[in-house]
Protein chains: 2
Amino acid sequence: MTEGRAAPTAPSSGGGFGKTSIRQANEELILAAAERVFARAGYSGATMAEIAQEAALPKANLHYYFGSKLELYREVLARTLKDWLVPTDFIRPEADPRAALAAYIDAKMRMSAERADASRVFANELLHGAPVLGDLLRTELRALVERKAEVIDGWIAAGRMARVDSKHLFFTIWAATQTYADFDVQVRAVLGITATGPAAQSRASAAVRTLILRGCGLAESE
Amino acid sequence: MTEGRAAPTAPSSGGGFGKTSIRQANEELILAAAERVFARAGYSGATMAEIAQEAALPKANLHYYFGSKLELYREVLARTLKDWLVPTDFIRPEADPRAALAAYIDAKMRMSAERADASRVFANELLHGAPVLGDLLRTELRALVERKAEVIDGWIAAGRMARVDSKHLFFTIWAATQTYADFDVQVRAVLGITATGPAAQSRASAAVRTLILRGCGLAESE
DNA sequence: GTCTATATCAGGATAGAC
DNA sequence: GTCTATCCTGATATAGAC
């Protein structure tokens with residue numbers, strides 16, 4: 001994954017072969033730290049010093065590996081975006097609508113729980129107009145949703161589920177699932193809990209799954 | 001509304017009576033400008049210079065009226081929060097569940113369209129852990145949702161709607177409606193439109209309303 | 001009550017020693 | 001390839017003239 005990035009201006013260390021493992025390890029360390037810090041402070045709120053401290057590396061190393069704060073931010077986003085779109089694979093014409101949508105929703109709920117920081121970085125980017133990801137949204141994401149919406153429209157035409165606006169269905173599923181990562185504080189405040197454990201997570205998954213499936217005319221109890 | 005705030009350190013102008021209208025007008029101007037700038041840049045991304053320019057006032061005036069950037073931010077949030085909770089008034093025990101939820105959803109969708117900036121400021125605050133609003137969420141918001149969830153539980157117990165988790169229902173409604181303000185770029189990118197006009201708005205409202213109502217066993221076509 | 005000019009500081013970036 | 005010390009921009013905040 002780090003393979004695809006344009007090499008920094010620094011020359012490679014010794015022989016003709018690829019990156020040193022120390023470089024790989026440090027880049028990984030920095031990206032993970034950056035994700036955490038960007039998640040809790042946003043792009044402008046995050047400081048290179050804070051990321052360095054979180055990664056337990058000197059500040060100058062971040063610039064050595066990534067050049068600038070913006071470059072580091074781009075990398076964090078790029079690393080995330082791929083994983084973000086994967087769960088749509090469940091949605092294929094020959095699949096059972098109920099099973100496919102249930103699997104999609106569950107996968108998104110699991111990502112909200114397990115990769116909450118990545119979700120928040122992404123949310124922050126969208127909230128501020130997607131200055132970095134905008135083009136990707138208008139091309140790749142749009143094309144992907146176009147394809148998947150057609151699948152759903154096919155299911156509807158075949159009478160396999162209720163009539164819903166397929167694209168807006170995606171907006172609602174994204175919103176309903178990611179809210180548990182992005183607006184986690186609000187959820188915890190309302191539920192009166194201090195941390196979201198496995199029990200709270202499966203209750204949330206069940207609630208969202210039931211509501212959306214029934215909304216699509218695919219009630220689980222049928 | 002500005003009445004309730006602690007007075008700045010500045011002495012009041014002349015006689016013993018309240019604020020001059022010039023003060024009121026300027027405060028209003030600054031708050032409106034601040035909402036726009038905080039919405040598009042977040043708290044740390046926003047600069048006092050930018051807000052001043054947007055308000056067409058000299059930078060120092062902002063500090064004269066609001067003391068600090070943080071105080072100004074607090075005011076913008078406070079001004080918003082009240083309006084934010086109002087639509088829940090539709091949800092009362094004696095109301096018709098379908099009509100009440102439809103009205104609530106429509107009101108929230110309208111707020112996403114008409115007060116998108118306020119929604120984004122709010123989203124940004126939540127996304128970063130609600131440092132300012134945290135206490136309010138854990139007290140007022142929690143109590144409000146507790147009361148409204150009881151109303152919904154009552155409807156369910158009376159067999160007037162399907163079994164849903166009432167608190168998670170609120171999370172989903174908030175998420176699904178506010179996503180049209182907060183993640184507007186994503187919606188426009190996927191739909192392939194450059195601006196969200198009245199037509200797109202009513203299509204979105206209808207889609208969300210239909211999906212959620214049917215999810216609550218309150219299909220509109222019944 | 002209003003605004004210009006400025007103090008002060010934080011944070012991104014880099015030069016250059018090791 | 002790594003890190004210390006430093007530069008310098010840009011942003012908050014204020015002093016003090018009007």
Side-chain angles (χ1 to χ4, degrees), chain A residues 2 5 7-31 33-34 37-38 40-76 131-132, chain B residues 2 5 7-31 33-34 37-38 40-76 131-132:
Chain A
T2 44
R5 167 154 26 83
T9 48
S12 80
S13 62
F17 55 96
K19 298 182 182 186
T20 65
S21 63
I22 183 158
R23 166 176 282 268
Q24 280 195 341
N26 279 347
E27 285 183 351
E28 195 50 48
L29 213 58
I30 293 168
L31 285 168
V37 176
F38 283 133
R40 69 168 173 259
Y43 177 73
S44 9
T47 70
M48 295 299 268
E50 201 181 347
I51 297 172
Q53 190 181 10
E54 187 94 15
L57 285 172
K59 201 173 55 155
N61 285 29
L62 311 202
H63 282 100
Y64 173 70
Y65 285 120
F66 291 94
S68 73
K69 184 184 179 182
L70 187 60
E71 265 314 301
L72 178 52
Y73 178 68
R74 294 192 128 97
E75 282 303 316
V76 170
V132 169
Chain B
T2 43
R5 165 154 28 83
T9 47
S12 80
S13 63
F17 55 97
K19 298 182 181 184
T20 65
S21 63
I22 183 158
R23 166 177 283 268
Q24 281 195 340
N26 279 347
E27 285 184 351
E28 194 50 48
L29 214 57
I30 294 169
L31 285 168
V37 176
F38 282 133
R40 70 167 172 258
Y43 177 73
S44 7
T47 70
M48 295 298 268
E50 202 181 347
I51 296 172
Q53 190 180 9
E54 187 93 15
L57 285 173
K59 203 171 52 157
N61 286 29
L62 311 202
H63 282 100
Y64 172 71
Y65 286 119
F66 292 94
S68 73
K69 185 183 178 182
L70 186 60
E71 265 315 301
L72 178 53
Y73 178 67
R74 294 193 129 96
E75 282 303 317
V76 171
V132 169

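To find a chain, count down the sequence lines: A is the first, B the second, and so on, and within it residues start at 1.
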### Task
Can you tell me the distance, in whole Å, between the CG atom of N26(A) and the C1' atom of dC3(D)?
12 Å
### Query
Should N61(A) be listed as having a side-chain N or O under 4.0 Å from OP1 or OP2 of dT2(D)?
no
### Message
Whole angstroms only, please: what is the CG-P distance between L29(B) and dT2(C)?
### Response
12 Å
### Query
What does nucleotides 7-18 of chain C look like as a protein-contact string, B for base, S for sugar-phosphate only, - for none, at under 4.0 angstrom between heavy atoms?
----SBBB----
#### Entry: I30(B) CD1 to dC3(C) C1', straight-line distance once rounded to whole Å
13 Å
## Note on the structure
Rounded to the nearest 0.5 angstrom, the OH-CG distance for Y65(A) and N26(A) is 4.0 Å
### Message
Taking the six-membered ring of F38(A) as reference, does the cationic atom of K69(A) (NZ for Lys, CZ for Arg) lie under 6.0 Å from its centre and within 45° of its axis?
### Response
no
### Summary
When rounded to whole Å, the CZ to C1' distance for the pair R23(B) and dC3(C) reads 15 Å
### Query
Got a second to check how far Y64(B)'s OH is from L57(B)'s CG, nearest 0.5 Å?
13.0 Å
### Query
What's the CZ-C1' distance between F38(B) and dT12(D), to the nearest Å?
12 Å
### Query
CG of L57(B) versus P of dT2(C): gap in Å, rounded?
9 Å
#### Entry: Where G45(B) and S44(A) come nearest, the two heavy atoms and their spacing
CA-OG, 3.3 Å
### Task
Go through the steps to decide whether E27(A) and F66(A) satisfy the test side-chain contact (heavy atoms from CB on, under 4.5 Å), and finish with yes or no.
CA-CA 8 Å; E27(A) 285 183 351; F66(A) 291 94; 4.2 Å; yes
### Query
Does a side-chain N or O from Y65(B) land closer than 4.0 Å to OP1 or OP2 of dT2(C), or not?
yes
### Message
Under a 3.5 Å distance rule, please check whether K59(A) uses its side chain to pair with a backbone N or O of I51(A) as donor and acceptor.
### Response
no
### Task
Let me know the distance between CG of L72(B) and P of dA13(D), rounded to the nearest Å.
10 Å
